[in-house]
Amino acid sequence: MITVPVPAQHEADRFPAHGWVWDFLQPQPPDPLLALIGMFAADGRPDKIDLGVGVYKDSEGRTPVFVAIKAAEQLLLDKQQTKSYVGPEGDVGYFRRLTPLIFGDLDIKGRLSGLQTAGGTGALRLGAELIARAQPDARIHVGTPTWANHPPIFNAARLHLATHRHVDVATQRLCFDEIIDALSNAERRDTVLLHGCCHNPTGADFDVTQWQALAEIMAERGLLPFIDLAYQGLGDGLAEDAAGVRIVAAHCPELLVAYSCDKNFGLYRERVGALFALSATPEAAATVQSNLLSLARANWSMPPDHGAALVRIVLESDELAASWRAELEEMRQRIVAMREGLATIDPTLTPLAGQKGMFSTLPLSPDQIRALREDHGVYMAGSGRINIAGFIPANLNSFVTALAAVR
Ligand SMILES: Cc1ncc(COP(=O)(O)O)c(C=O)c1O
């Protein structure tokens, strides 16, 4: 047994009233969604409904592993010979296979750089740090409401946030005029954050005409688009959900795309993402790449390998890719069916049928959200965000009844 000698001066006072460094920290609030998970688990009502957690669930309430991913895991298990380091760029084959999925057949060769990241979150953080390195006082325009983690990520990278409305939650209206107004008044070289598809938390996406208008204005005013594409395939389809990225890439010389495979490949905990950077010239792309590699080294050195290797294996195989596409399409159709079901039962929910992806935000007060939870067993985020994948055909009516009771 090893005995650790305790220095004499600490013996009488093993736990001093004051520390050295941690005393300067302030307590941080816990993630409210985690508290919601705990409350939901503790609720014994059999007909409770979980609309809080941000993961896809099937009609049995499960978040399954894709069949193609299971098969890829078996292949990886059988074939992988080493767990040695990859490199700060991650799995290059993974990155290469993702590129056409996102950019289609756009001619951007030589101007595209990028790397595998630790999830879409890592891609957002690395992209923000790249911007801050290029322009220490950079400003980023963000439409609200937005994913709750966007502001902390951009703040952590020391970008200055400028906000405008994306959606008027009360009326469920996309505030396109206000978005255009914000971009028309933006300064040259400002960054613009855009959700590529399946806007989180409102589901309010741009149509192709609106993307066109946004791309033109960003190109004309010299703005840097930063597109967060975390749900490709869960809105209108794989190619359709990338239309915004492709339109912007065709108009703007520079562009960042933060990509996540965590939802559309069901790999959440494996942390599978990528950051794509478009530059005006191949020379600039090489400089961007060298900066991305050095930023990655300082953040996580190299990204986790397993999930990205699985995505690569799936995309390399026609058979596994077809299976993945079919399963993703099934998930997408289930979400669409739940949206249409809600809109059919309750005309006040009509806007939900036109919104895309897993999330919508209902105009509910904190009291109404509490009453839904306490009196009816319906759990949702305090913002009124609901996860449409939390519905099954059998609970649509009871949800609508509960909603009517608290309104
Ligand atoms: C809009 C948006 N962007 C990015 C992410 C990050 O995804 P990941 O889990 O891959 O970090 C999420 C995750 O919820 C998201 O909703």
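Indexing begins at 1, ligand by ligand and atom by atom, following the structure's order. Bear in mind the structure is a predicted one, so any value in this text is a computation, not a measurement.
In this pair, Phe40 and Tyr379 present their aromatic rings perpendicular. The plane angle is above 60°, beyond the 30 to 60° band. Between Phe154 and His150, the ring planes lie parallel to each other; the angle is under 30°, not in the 30° to 60° tilted range.
A salt bridge links Asp236 with Lys356; the closest basic N to acidic carboxylate O contact falls under 4.0 Å. At a threshold of 4.0 Å, the pair Asp346-Arg407 counts as salt-bridged, since one of the basic side-chain nitrogens sits closer than that to a carboxylate oxygen. Salt-bridge check for Lys48 with Asp43: failed, with every basic side-chain N at 4.0 Å or more from each acidic carboxylate O. The existence of a salt bridge linking Glu329 and Arg325 is excluded, since no basic side-chain nitrogen approaches an acidic carboxylate oxygen closer than 4.0 Å.
Atom 10 (O) of ligand 1 has as its closest protein heavy atom Asp262 OD2, 2.4 Å. Of the protein's non-hydrogen atoms, the one nearest atom 7 (O) of ligand 1 is Ser260 OG, 3.8 Å. Of all protein heavy atoms, the one lying nearest to atom 1 (C) of ligand 1 is Asp228 OD2, 3.4 Å. The protein heavy-atom contact nearest to atom 13 (C) of ligand 1 is Lys263 NZ, 2.8 Å. Scanning the protein for heavy atoms near atom 9 (O) of ligand 1, the closest one is Arg271 NH1, 3.0 Å.
At a heavy-atom cutoff of 4.0 Å, ligand 1 is contacted by the side chain of Tyr231 but not by its backbone.
Considering backbone and side-chain atoms together, Val272 places no N or O closer than 3.5 Å to any N or O of ligand 1. Not a single N or O atom of His150, backbone or side chain, sits closer than 3.5 Å to an N or O atom of ligand 1.
Atoms of ligand 1 lying under 4.0 Å from at least one heavy atom of Ala230, given by number and element, are 2 (C), 3 (N), 4 (C). Against a heavy-atom cut-off of under 4.0 Å, Thr121 is close to the following atoms of ligand 1: 6 (C), 8 (P), 11 (O).
If you look at His166 and Phe206, their ring centroids are closer than 6.0 Å.
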